[in-house]
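Keep in mind that the numbers below use all heavy atoms, side chains included, and drop hydrogens, waters and symmetry copies. Every value quoted in this text rests on a predicted model; they were computed, and no experiment measured them.
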Amino acid sequence: MNPAELNQYQPVATFEKLESSHFYKMEKGSPSRQFMAGIIVNLASVMVGTSLGWTSPIAPKFASKDDTPLDTIPTTSESSWIASLTALGALIAPFLAGPSAERFGRKLTLLGSSAFFILSWVLLLTTETVVQVLVARFFQGLGVGFVMTVQTMYIGEIASSEYRGALGSLMQLCIVTGILYVYSIGPYVSYHALQWACLALPIVFDATFFFMPETPAYYIAKGDKEKAVESLCFLRGKTVEGVQEELHEISTTVEESLKNKGTLLDLFRNAGNVKALIICAGLISFQQLSGINIILFYSQNIFESTGSSLSPAVSTILVGAVQVLASGATPLIVDRLGRKPILLTSAGGMCLSQGTMGLYFFLKYIESPSIDSLGWLPIMSLIFFVTVYCIGFGPLPWAVLGEMFPANVKSIASSIVASTCWVLGFIILQFFSDLDKAVGSHWSFWIFGILCGVAFVFTFTTMMETKGLSLQEIQDRLNGKA
């Protein structure tokens with residue numbers, strides 16, 4: 001719907017007239033525009049993926065005197081910081097991103113997040129020192145934290161209830177697309193060419209997302225119902241009359257939530273909010289404790305240590321491609337099967353694959369004669385791991401986060417949950433090398449496998465199914481209402 005069509009309906013007057021008479025025109029509309037907005041906003045997730053996967057193809061270049069742009073080869077400690085500093089930046093960012101999204105809007109905050117990525121790629125293009133690399137990685141972390149905090153809010157507020165699961169799970173698909181992007185390009189181009197390829201992405205994101213609407217819920221929270229109507233008409237492909245029922249529901253939910261301005265204490269005073277926080281923080285924690293970031297950041301090194309007949313670069317690309325295919329399945333099935341069954345399948349599958357990875361490295365540790373015939377085992381285990389991760393525990397914790405909290409505490413809750421994610425991500429990345437040396441690779445993978453088993457139990461006993469529920473219905477169930 002173009003502006004001229006919107007003007008003929010006189011949104012404010014029409015809204016007031018229809019609201020007073022409680023008359024709503026039923027229209028079918030179209031989901032195409034909310035999917036368009038969801039796909040374009042997820043170009044930011046592709047930027048996140050390039051940052052997360054960047055160390056895998058870059059680590060061999062930094063270790064080579066012929067390929068590195070640095071004046072010295074990074075030490076083991078410096079390499080750990082290069083890998084983990086992004087998680088540290090992502091840990092800090094949510095506490096800035098949440099308030100920014102509330103004050104300036106979800107759209108403007110997401111557009112601004114690209115500045116962190118642009119600055120980081122410029123620093124990496126011009127670097128000659130490890131210190132400058134570390135600064136760039138920290139800025140990337142800030143960008144990652146901003147995107148993963150605010151994008152869940154944006155998707156949760158633009159999506160209708162029947163498509164919210166599919167749109168929410170697009171984040172993981174686009175993150176792994178960004179990872180595959182650097183996996184596929186990195187080993188075959190120069191260091192500087194890869195940075196240019198990554199720099200192009202935030203520029204494309206800004207150029208396209210600029211034309212997408214702000215969320216209706218944000219406009220209502222700011223008291224601008226006219227713009228809320230315009231945004232909802234665009235997203236639903238309906239006339240002003242056709243969006244009145246949903247607009248009334250959104251207005252009721254937002255206005256009730258904002259009667260008392262949300263604070264940290266409000267988050268913990270309400271039993272439903274506490275239950276939602278336990279569910280979301282638990283799912284995000286087990287996402288990190290599954291060991292996924294070790295797979296993403298050190299995939300080439302892992303394949304090198306297995307002695308597989310496939311080259312590490314090709315094996316890594318294979319894993320990245322599987323991630324994309326598996327993540328692409330989630331939007332197709334999540335609103336049919338539900339969140340909880342998929343998460344249970346994902347946790348069980350990750351537990352199994354980490355166990356078999358540990359078995360391979362144990363046989364290698366004891367120098368078993370059968371190890372030479374098992375070169376396929378780590379590759380198949382990792383492929384299975386990333387498949388079940390990308391279908392379940394990769395996308396769904398973020399999708400659940402976007403739909404669990406009322407508007408008055410959503411930004412605070414999102415900040416806490418996102419920071420929990422990156423606290424664990426930083427700790428695991430920083431100390432994995434020490435753990436691996438202390439207990440051996442086999443026990444490292446077995447520990448992750450045990451934690452995946454705990455994730456299965458947590459999901460089975462604690463997770464609440466949200467398939468097909470409106471945001472208000474989710475709040476009612478969290479608070480024990482019929």
Side-chain angles (χ1 to χ4, degrees), residues 44 46-93 113-148 175 178-203 293-302 304 312-313 316 320 422-423 425-434 436:
V46 180
M47 300 188 303
V48 169
T50 59
S51 299
L52 297 180
W54 181 83
T55 53
S56 185
I58 287 299
K61 295 184 187 298
F62 280 168
S64 170
K65 292 183 179 179
D66 296 330
D67 296 328
T68 183
L70 306 178
D71 50 14
T72 60
I73 292 177
T75 64
T76 301
S77 175
E78 288 172 338
S79 295
S80 294
W81 277 106
I82 289 172
S84 63
L85 206 58
T86 296
L88 184 60
L91 158 64
I92 297 169
S113 69
S114 64
F116 293 116
F117 292 101
I118 292 172
L119 179 58
S120 71
W121 298 123
V122 171
L123 287 171
L124 290 171
L125 271 169
T126 58
T127 188
E128 294 181 355
T129 66
V130 172
V131 172
Q132 190 165 326
V133 173
L134 293 174
V135 172
R137 291 290 285 166
F138 180 75
F139 278 119
Q140 283 182 0
L142 292 176
V144 168
F146 263 74
V147 169
M148 298 187 79
I175 287 174
I179 292 169
L180 179 60
Y181 182 73
V182 292
Y183 279 4
S184 302
I185 297 173
Y188 306 108
V189 300
S190 69
Y191 169 85
H192 290 96
L194 179 60
Q195 314 317 308
W196 280 113
C198 293
L199 177 60
L201 294 176
I203 296 173
N293 279 332
I294 300 303
I295 303 298
L296 298 182
F297 282 67
Y298 295 106
S299 53
Q300 281 201 213
N301 292 343
I302 290 172
E304 285 175 1
T316 302
W422 292 110
V423 165
F426 173 75
I427 292 171
I428 291 169
L429 288 168
Q430 181 63 23
F431 297 107
F432 174 75
S433 296
D434 295 333
D436 199 55

Side-chain heavy atoms of [X] within contact of [Y], under 4.5 Å:
X: Tyr181; Y: Leu201; answer: yes
X: Ser79; Y: Phe62; answer: no
X: Phe117; Y: Leu199; answer: no
X: Gln140; Y: Val48; answer: no
X: Met148; Y: Ile175; answer: yes
X: Leu52; Y: Met47; answer: no

Between [X] and [Y], what is the shortest heavy-atom contact and its length?
X: Gly425; Y: Ala87; value: C-CB, 3.9 Å
X: Pro187; Y: Val182; value: CD-O, 4.0 Å
X: Val144; Y: Ser51; value: CG2-CB, 4.1 Å
X: Ile73; Y: Ala63; value: CD1-O, 3.5 Å
X: Leu142; Y: Ala93; value: O-CB, 3.4 Å
X: Leu180; Y: Gly320; value: CD1-C, 3.7 Å

Criterion side-chain contact (heavy atoms from CB on, under 4.5 Å) against Glu78, the qualifying member of Leu134, Val131, Val130 |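 Only match with Glu78 under side-chain contact (heavy atoms from CB on, under 4.5 Å): Val130.
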Side chain of [X], backbone of [Y]: donor and acceptor closer than 3.5 Å?
X: Ser64; Y: Pro60; answer: no
X: Arg137; Y: Leu85; answer: no
X: Lys61; Y: Gly186; answer: yes
X: Tyr183; Y: Gly178; answer: no

Whether Trp54 and Tyr191 hold their rings parallel, tilted or perpendicular, with breakpoints at 30° and 60° |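 It falls in the perpendicular class, over 60°.
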Which pairs with one or both residues in residues 114-134 pass side-chain hydrogen bond (donor to acceptor under 3.5 Å, both in side chains), sequence neighbours excluded?
->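 Every side-chain hydrogen bond (donor to acceptor under 3.5 Å, both in side chains) pair that includes a residue of residues 114-134, provided the two are not neighbours, is Ser114-Asp206, Thr126-Gln132.
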With [X] via ring pair (Phe, Tyr, Trp, His ring centres under 6.0 Å) - residues at least two apart:
X: Phe426; answer: Trp81
X: Phe139; answer: none
X: Phe138; answer: none

Rounded to the nearest 0.5 Å, how far does CG of Leu124 lie from SG of Cys198?
->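 Between atom SG of Cys198 and atom CG of Leu124 there are 9.0 Å.
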Qualifying residues under side chain to side chain contact (heavy atoms under 4.5 Å, CB included), relative to Ala193, sequence neighbours excluded =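 So Ala193 forms a side chain to side chain contact (heavy atoms under 4.5 Å, CB included) with Val189, Ser190.
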What residues form a side-chain hydrogen bond (donor to acceptor under 3.5 Å, both in side chains) with Thr68, not counting sequence neighbours?
->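 Partners of Thr68 by the side-chain hydrogen bond (donor to acceptor under 3.5 Å, both in side chains) criterion come out as none, since no residue qualifies.
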